[in-house]
Structures are given as structure tokens and as C-alpha cells.
Trainee: 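To start, I am sharing the structure in question, which I have written as C-alpha cells.
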Amino acid sequence: MTAVQPKPTSVGETFDSLSPATDEVVGTYPVHTAEDVRAAVERARVAAEWWEGLGFAGRADRLRQWKGVITRRLPQLCQVVRDETGKPIADAQLESVLAIEHIAWAAKHARKYLGRQRRSAGLLMSNQAATVEYRPLGVVGVIGPWNYPVYTPLGSVTYALAAGNAVVFKPSEYTPGVGKWLVDAFNEVVPEQPVLQLITGFGETGGALVTSGVDKIAFTGSTATGKKIMAAAANTLTPVVIEAGGKDPVLVDADANLDAAADATVWGAFSNSGQTCIGVERVYVHERVHDEFVAKVVEKSQNVRAGSDEDAQYGPVTMPSQLAVIRRHIADALERGGRAVLGGVDSVGDRYAQPTILVDVPEDSEAVREETFGPTVTIAKVRDMDEAVDKANATTYGLGSTVFSKSRGVELAARLRTGMTSINAPLSFAGIASLPFGGVGDSGFGRIHGPEGLREFARTKAVARQRFTAPITLTSFSRKESTDALVAKLITVMHGKR
Ligand code: NAD
């Protein structure tokens, strides 16, 4: 059985969303065609003008109402997330709580970071008043993944809405029900216009959104799809934000709190069945504490188990095709001299994958180089933290990273080529709404969350207003030679010093 029905092709078709835990049909949704998508974007154009007209205060009020509805119906939302992803209710709640915090932050801070600001005009242009503001782009298309179907797409949807845009949202084909729930909740508090619309379907529907004439595409998903989206968007110079995959490392220094580092590794690697873009996939440990650290990680993993029961720490692998990838990475690591100190190839079943911890894995193996997106982790011994930094950076990805070190945390964090780093705690940057989220290299570019996330969905508008006529006119054919001479003298005084 597959988790999603075979791809329907004809117009008017639907697809079923299945529970990855039971294969039960939990919802049926339309496969929207390119025509449907274009119609949605046209409706969004009208809605965008109306939404922009509400101003910062009006939009903040609606976003706060939306947040209230989500909060009051949290158990219902968590159940939909569990039905479609199989993750424990507590995990569904955690991602939803973080998303609510982001809605609150974006609603509160949009005016501060996007509203009109004065800039210094400089001495030569001192007769001008200079301002900059961040206007809405218009219509933003958001394409989401399934692994955190609330937190992840809302990182784009919320910030695009707060910046004054209308949004057409295509959730993953694995989690259309979660997307619908969120859009329905928004439309309850914004009934006047289709400011946030849902379109459902597979890659083709997402592709149609990219070429529909939207003013920006915010994509979260795999690096391979990100490349296709960027290529398709190039034809119309449609700007894109790409939030793609990762191969996030943890660095453990000799002076680290090993219990905390081991706990963070176990949770970061295995929670959500390892299906976390910023999940822990590699660990580099100082040789002085390596063996003790490995023992602690193994010990803390003993009671971590995948399953569908309430006591299981994490659920199934949502995409059945991923099971083969996880199996392949473990097998490759073992064939090339690695050792499984917990789990192994047999830990990967037909639906669930139990934790696997690998050591002595060559750095050029798939388990170290490629995104596994499963509950596995490699732990490597390093001579010192310079080697740890070099190895951590020797990847095409650069999303998140974590450093455990009592004395050198900030220094090591600065040397890691990733968009985000947390020090002495796991993934904490993801919970702080004011911090931008995003990566470099194969992990993508652009930022969601924080002031940068608001500005990602805005067009920067610079305005210079003449306050009074300058004693010397520079931008006119009537300019005199004496003016040029004066300017030359002035600039020498201002900038000519050795
Ligand atoms: P995916 O790339 O298969 O699909 C993501 C979305 O893109 C889906 O909605 C899909 O329908 C759509 N899509 C597929 N082909 C398309 C095309 N040609 N044009 C337009 N849209 C298309 O990814 P996934 O399996 O849903 O998600 C898992 C991946 O997402 C992992 O690599 C993970 O690391 C990454 N991810 C990244 C972040 C981040 O913030 N950087 C967050 C969560 C997940």
C-alpha cells in the first residue's frame, strides 16, 4: 500500500489522504488544475488590495483572531495532524504552539519592521528627507511539505499575510487536511475576501502555482523540488524563497555537558521519526569525551520507540518511499566499515523505523553526506573542535547546527556555515519568533520568521522628498563650473584624507 493514491491525471479528479499508521482514508480532496490555480490567483489579486487596505492594525487584529481560533481548537487541529502524519498528539501540539507564537509575533511587529522609516540623507543631499518602507508584493504562492504541516508552511503564510499579501497555499499531498483546517479557520475571521486560499493536489498543481503569475513563491520541501521550482520561476522572473533539506551537525566539545548533549542528540535525531529538516543527522565529538558520549546516547535511546500507541515516542515514516532511503544509508554505512551501536538495517520496517546509531562511518558515505530524513544518526570522533568545524562544514547543505561547549560555544557557532545555530540546547532557534529561519547552499536561501521573514514578503520602497531648494544644484544642465569646483573641494575635504 502507498500512503497516497496513484496520481490522478484527468480534470475533476480527487485524491485520498491516508493515515500512514493505518492506511485508512482520512479525507478526499480535489486535484486542482492549472486553470483552477489561475482562477484562485485572480481572486487573490482582488483580495490582496482589500487586505492591504486594512492597514497594519486591521491585519494584526484579524491575525490575532485567527490565532485565537487555532488556540481554542488546538486538540482538533492536533488530531488532524496525527491522522495525516501519524505523529504523537504532543508533537502535533508542540509545532502548533510554535506556529501560534509566530502569528502573535508577526501581527505585533509588522508595522515596526515594514512601516515607513527615516534614513539619513547625508551632507550633500541634506535638503532631502529620505524614507524607506516595505510594501506588500501582492499575491504570494506558498508550497508546503508534510513533516511539520502546521509550523512549516505557516512560517511563510503568516509572514506573507502580516506583510499585507494575499496567499494561495498548496499544502503537501500528504497533509491536505491540515492545510484545509488552517485555511478554514482563517476564513472564519476574514470572511469578506479570499485573502488565504487553499489549492490541493500533487507536484503538477504546485508547478501550476509557480507559473501562475504570483508575485513570489515560498517553497519548503526537498532540494530537488526546490531546483525545479527555481528553474520554472526563472521564465517569469518570479522571486522564490527556498527552504530545503539539511544534514544538520551537532558539535560536542571536551568541556560540554554530556548529558545535555546526549539528550539533545537523541531527541534531535529521533523525534518525528527523524523527519525534521533541522533534525540531528551527524555528531562530531571531541576524542576526550567520545566514548562516554556514545554510551550516554545509546543509554538514553533505549526507551525511545516508534509506534502507533500512545506510549510511543514517535510515529511512522510518513512517506513509504523514504523507508528504502533510510535502509540504503544504513546498509552503505555498515558495508563501508561503520558499526551500528544501536539498531541497524533490520530496524527499518514496512511502516516504522526504530532508532539507529552509527559510529566509525566514513565521511564520504551516504549516511554522512545525504539527507537521510529518518531516525538515524552518525557519531564521529574528532581530534579537536577545528576538525569538528571542518567536517561539519564539509557538506553541500547548511541549514541548522548545534554546539555543546561551555567555553567556546559562540566562537564555534560563528564558524559553522549554516543559517542557524543553537548553543547548549537543541533546535532552540526554531522556537524564537524574532529569529530568521533559513539556510545556505543546498538548504536554500531567503528567510522566514523574524524581521527578515516579514521583509522577504515585501518590496522595498525608497522615497526621497525635497524639503527645500539646495543652494547648489547638482542635477541640472544649468549647473555651473563653479559648482563642480565646489563639489570637488567639498568631497576632498570629506573623503580625501589619507
Ligand atoms: P517535496 O519536495 O517532495 O514536496 C514539497 C512540496 O512541493 C509538496 O507540496 C509537493 O506537492 C510540491 N511539489 C512537488 N513537485 C513540485 C513541482 N515540480 N513544482 C511545484 N511544487 C512541487 O518535499 P517533502 O517530501 O514534502 O518534504 C520533505 C523535505 O522538505 C525534506 O527535504 C526536508 O528537509 C524539507 N523541509 C525543509 C524545511 C526548511 O524549512 N528548510 C522544513 C521542512 C521540510
Side-chain angles (χ1 to χ4, degrees), residues 32 34-56 58-59 62-63 106 110-111 113-116 132-144 152-171 179 183 186 190 193-199 201 205-221 225-244 436-438 444-463:
H32 284 120
E35 214 170 296
D36 297 331
V37 173
R38 265 196 303 277
V41 172
E42 263 169 44
R43 286 194 295 274
R45 288 249 163 259
V46 180
E49 271 185 39
W50 176 83
W51 182 240
E52 183 182 359
L54 287 190
F56 288 114
R59 290 193 295 269
R62 300 302 181 99
L63 288 169
R111 184 198 296 275
Y113 292 111
L114 302 175
R116 192 170 299 143
V132 63
E133 62 186 306
Y134 300 87
R135 312 284 312 165
L137 296 170
V139 180
V140 172
V142 174
I143 300 176
T152 297
L154 285 196
S156 298
V157 169
T158 300
Y159 285 76
L161 289 170
N165 304 282
V167 172
V168 178
F169 169 36
K170 193 201 95 62
V183 171
F186 183 85
V190 184
Q193 288 281 340
V195 172
L196 173 59
Q197 293 177 78
L198 179 83
I199 54 166
T205 305
L209 185 58
V210 176
T211 53
S212 64
V214 290
D215 300 292
K216 188 156 197 166
I217 284 287
F219 166 76
T220 309
T225 306
K227 288 177 185 175
K228 285 188 203 158
I229 285 180
M230 211 176 152
N235 270 334
T236 46
L237 275 188
T238 303
V240 290
V241 185
I242 304 284
E243 298 286 353
F437 188 104
F445 53 84
R447 293 293 181 266
I448 56 172
H449 304 170
E452 292 80 1
L454 288 167
R455 289 182 182 162
E456 192 71 55
F457 297 106
R459 110 188 113 81
T460 306
K461 177 76 188 217
V463 175

Trainee: From R135 CZ over to T460 OG1, what is the distance, rounded to the nearest 0.5 angstrom?
Mentor: 12.0 Å

Trainee: Hey, what's the ring geometry for W51 with F186, parallel, tilted or perpendicular (30° and 60° as the breaks)?
Mentor: perpendicular

Trainee: Is any side-chain heavy atom of M230 closer than 4.5 Å to a side-chain heavy atom of F219?
Mentor: no

Trainee: Tell me, do P171 and L198 make a side-chain contact under 4.5 Å, heavy atoms counted?
Mentor: yes

Trainee: Between D36 and I199, is there a side-chain heavy-atom distance shorter than 4.5 Å?
Mentor: no

Trainee: Is the count of non-hydrogen atoms from other residues, nucleotides or ligands lying under 6.0 Å from E49 atom CD greater than 12?
Mentor: no

Trainee: Is there a donor-acceptor contact under 3.5 Å from the side chain of R455 to the main chain of Y134?
Mentor: no

Trainee: Between K228 and G207, is there a donor-acceptor pair closer than 3.5 Å when you use the side chain of the first and the backbone of the second?
Mentor: no

Trainee: Short question: side chain of Q197, backbone of A40 - any donor-acceptor pair under 3.5 Å?
Mentor: yes

Trainee: Please find the pair of heavy atoms, one from R45 and one from D215, that lie closest to each other, and give the distance.
Mentor: NH1-OD2, 2.9 Å

Trainee: What closest approach, in Å, do A166 and A44 show between heavy atoms, and which atom pair accounts for it?
Mentor: CB-O, 3.5 Å

Trainee: Could you measure the distance from the CG atom of L161 to the CG atom of L454? Nearest 0.5 Å is fine.
Mentor: 11.0 Å

Trainee: Work out which heavy atom in A208 is nearest to a heavy atom in A34; give both atom names and the distance.
Mentor: CB-CA, 3.7 Å

Trainee: Near R116 CZ, under 6.0 Å, is it more than 12 heavy atoms from other residues, nucleotides or ligands?
Mentor: no

Trainee: If you measure from CG on L154 to CZ on F169, what distance do you get to the nearest 0.5 Å?
Mentor: 7.0 Å

Trainee: What are the two closest heavy atoms between L114 and A458, and how far apart are they?
Mentor: CD2-CB, 4.2 Å

Trainee: Contact between T238 and V210 at the side-chain level, heavy atoms closer than 4.5 Å - yes or no?
Mentor: no

Trainee: Starting at CD of E52, measure out to CZ of R59 and round the result to the nearest 0.5 Å.
Mentor: 7.0 Å

Trainee: Please name the pair of heavy atoms, one in E243 and one in G438, separated by the smallest distance, quoted to 0.1 Å.
Mentor: OE1-CA, 3.2 Å

Trainee: If every non-hydrogen atom of H449 is compared with every non-hydrogen atom of G155, which pair is closest and at what distance?
Mentor: NE2-CA, 3.6 Å

Trainee: V46 versus W50: any side-chain heavy-atom pair under 4.5 Å?
Mentor: no

Trainee: Taking C-beta and beyond as the side chain, do V190 and L196 meet within less than 4.5 Å on heavy atoms?
Mentor: no

Trainee: Is T152 close to I448 at the side-chain level, that is, under 4.5 Å between some pair of heavy atoms?
Mentor: no

Trainee: Within the distance-only criterion (no hydrogens, no angle test), does the side chain of N165 pair as donor or acceptor with the backbone N or O of V139 below 3.5 angstrom?
Mentor: no

Trainee: To the nearest 0.5 Å, how far apart are CD1 in I217 and OG in S156?
Mentor: 10.5 Å

Trainee: Assess the residue pair V41 and L209 against the criterion (side chain to side chain contact (heavy atoms under 4.5 Å, CB included)); give the C-alpha distance rounded to whole Å, side-chain angles, the decisive distance to 0.1 Å, and a yes or no.
Mentor: CA-CA 8 Å; V41 172; L209 185 58; 4.2 Å; yes

Trainee: With a 4.5 Å limit on heavy-atom distance, are the side chains of V37 and T211 in contact?
Mentor: no

Trainee: Under the 6.0 Å and 45° cation-pi test, does R111 pair with Y113?
Mentor: no

Trainee: Has E456 got a side-chain atom pairing as donor or acceptor with R447's backbone, closer than 3.5 angstrom?
Mentor: yes

